[in-house]
There are 2 protein chains.
Amino acid sequence: MEAPLILSNHDLRNTSARLAVLGIFQKYTYALSHSNIEKELQKDFDRVTIYRTIHSFLDKGIVHKVMDDSESAKYALCVDECSSDHHHDNHVHFKCSKCGNSECLNNIQIPLTNLPSGYIATESNLLIEGVCKACS
Amino acid sequence: MEAPLILSNHDLRNTSARLAVLGIFQKYTYALSHSNIEKELQKDFDRVTIYRTIHSFLDKGIVHKVMDDSESAKYALCVDECSSDHHHDNHVHFKCSKCGNSECLNNIQIPLTNLPSGYIATESNLLIEGVCKACS
DNA sequence: TCATTTATGAAACTCTGTTGCAATAGTAAA
DNA sequence: TTTACTATTGCAACAGAGTTTCATAAATGA
Ligand SMILES: [Mn+2]
Ligand SMILES: [Mn+2]
Ligand SMILES: [Zn+2]
Ligand SMILES: [Zn+2]
């Protein structure tokens, strides 16, 4: 979908910072951190603006957080129709130990796990590490 | 096992900082961050010493990193015989959204997942969020 | 006890992320 | 198109996590 339409569909104003950041997310197939995005941007937006842009995308369901054992948070585009109310990101994340990239395996569901009695699951998050298709 | 023995078994010198930090890990059933440990310590050790202590425990296989969507890294004692060479921590981690604690469910194995061709898994990490036994 | 090696404390630093506030830009209605 | 309103931006200042360097202190084994 076109970036300006994505923004208005998610009740966000069409600003140049948001269009630029969204364009970068669309360009890459793996999860990006704040610093990845900052380096990739042509025009210099303020660091804080980039943080706020990521937050608004997260809040409106344009991106989701990708867990990773790295120090800084990473984010990737949501594929399904996500909204402020609900994220549909029950897929597996794969981190390649060669290239370091984390990607969403959108077609692979996280298996249900039998928990001990007394534990109630509401969300789950599976990160698999290894070697990705491009690196193997 | 006694703390001094654990240290020498893992080729670490018996220092007061390490004994104190190890004692704190043994006291809690959930994963701890650097700042959790710092607050819990009676004697004031330097922040850097605590960081270095955690690193040496991680390196020698006394603790393992516990993934969590929180900002700072958390660590918990290894149960099996872990070493510098290999961590045996293929268990599930459970984060309670009420108390905020992350614990190791050492008896629950992470299920194997069918990856697309070209992907090779070497490690996996499953974080389940919900309500823990104590809070439910 | 002594020599050697490893650990610690202190200071300075980097990187990530947040907050408050004044200036600016987007939007929808006139 | 112009206006008015509100959301967004840039800037500065801040807080927290984690690292590096180096001189001093403590642990270990001889
Ligand atoms: Mn994803
Ligand atoms: Mn664990
Ligand atoms: Zn790769
Ligand atoms: Zn709980």
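In the text below, chain A, chain B and the rest are named by the order of the sequence lines, each starting its count at 1. As the structure is a computational prediction, the values presented were derived from the model and not from experiment.
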Rounded to whole angstroms, how far apart are [atom1] on [X] and [atom2] on [N]?
{"X": "A:D11", "N": "D:dT6", "atom1": "CG", "atom2": "P", "result": "17 Å"}
{"X": "A:L7", "N": "D:dT8", "atom1": "CG", "atom2": "P", "result": "10 Å"}
{"X": "A:Y51", "N": "D:dA15", "atom1": "OH", "atom2": "P", "result": "17 Å"}
{"X": "B:D46", "N": "D:dT19", "atom1": "CG", "atom2": "C1'", "result": "12 Å"}
{"X": "A:F57", "N": "D:dA7", "atom1": "CZ", "atom2": "P", "result": "18 Å"}
{"X": "B:R47", "N": "D:dA17", "atom1": "CZ", "atom2": "P", "result": "8 Å"}

Would you check if the side chain of B:T53 reaches a backbone N or O of B:T49 as a donor-acceptor pair within less than 3.5 Å? yes
Going by an N to O cut-off under 4.0 Å, is there a salt bridge joining B:K95 and B:E103? no
At 4.0 Å (heavy atoms only), tell me whether B:R18 reaches a base, stays on the sugar-phosphate, or touches nothing. sugar-phosphate
Let me know, please, whether A:H34 or A:N14 comes out on the 5' side of the other along DNA chain C by nearest nucleotide. A:H34
Could you check B:A17 against B:R13 and say which one's nearest nucleotide on DNA chain C is further toward the 5' end? B:R13
Under a 4.0 Å heavy-atom criterion, DNA chain C is touched by chain B from C:dT5 to C:dA11
At less than 4.0 Å, is any side-chain N or O atom of B:H55 found next to OP1 or OP2 of D:dG18? Yes or no. no
Does the side chain of A:T49 get closer than 4.0 angstrom to OP1 or OP2 of D:dG10 through an N or O atom? yes
Taking atom types as they are modelled, is there a donor-acceptor pair under 3.5 Å from the base of D:dT9 to the side chain of A:R52? no
Give the nucleotide from the list D:dG10, D:dT8, D:dT19 with an atom nearest to the side chain of A:L12. D:dT8
Test side-chain contact (heavy atoms from CB on, under 4.5 Å) applied to B:F57 and B:L77, step by step: CA-CA 9 Å; B:F57 285 6; B:L77 284 181; over 6 Å; no
Find out whether B:E129 and B:D69 are in side-chain contact, i.e. whether some heavy atom of one side chain is under 4.5 Å from a heavy atom of the other.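 A side-chain contact under 4.5 Å exists here.
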Scan residues 55-64 of chain B for pairs that pass side-chain hydrogen bond (donor to acceptor under 3.5 Å, both in side chains), counting only residues two or more places apart or in two chains. B:H64-B:H91, B:H64-B:H93
Side chains of A:E38 and A:Y51: do they bring a donor and an acceptor to under 3.5 Å? no
Is the positively charged end of A:K27 above the ring of A:F25, judged by distance under 6.0 angstrom from the centroid and angle within 45° of the axis? no
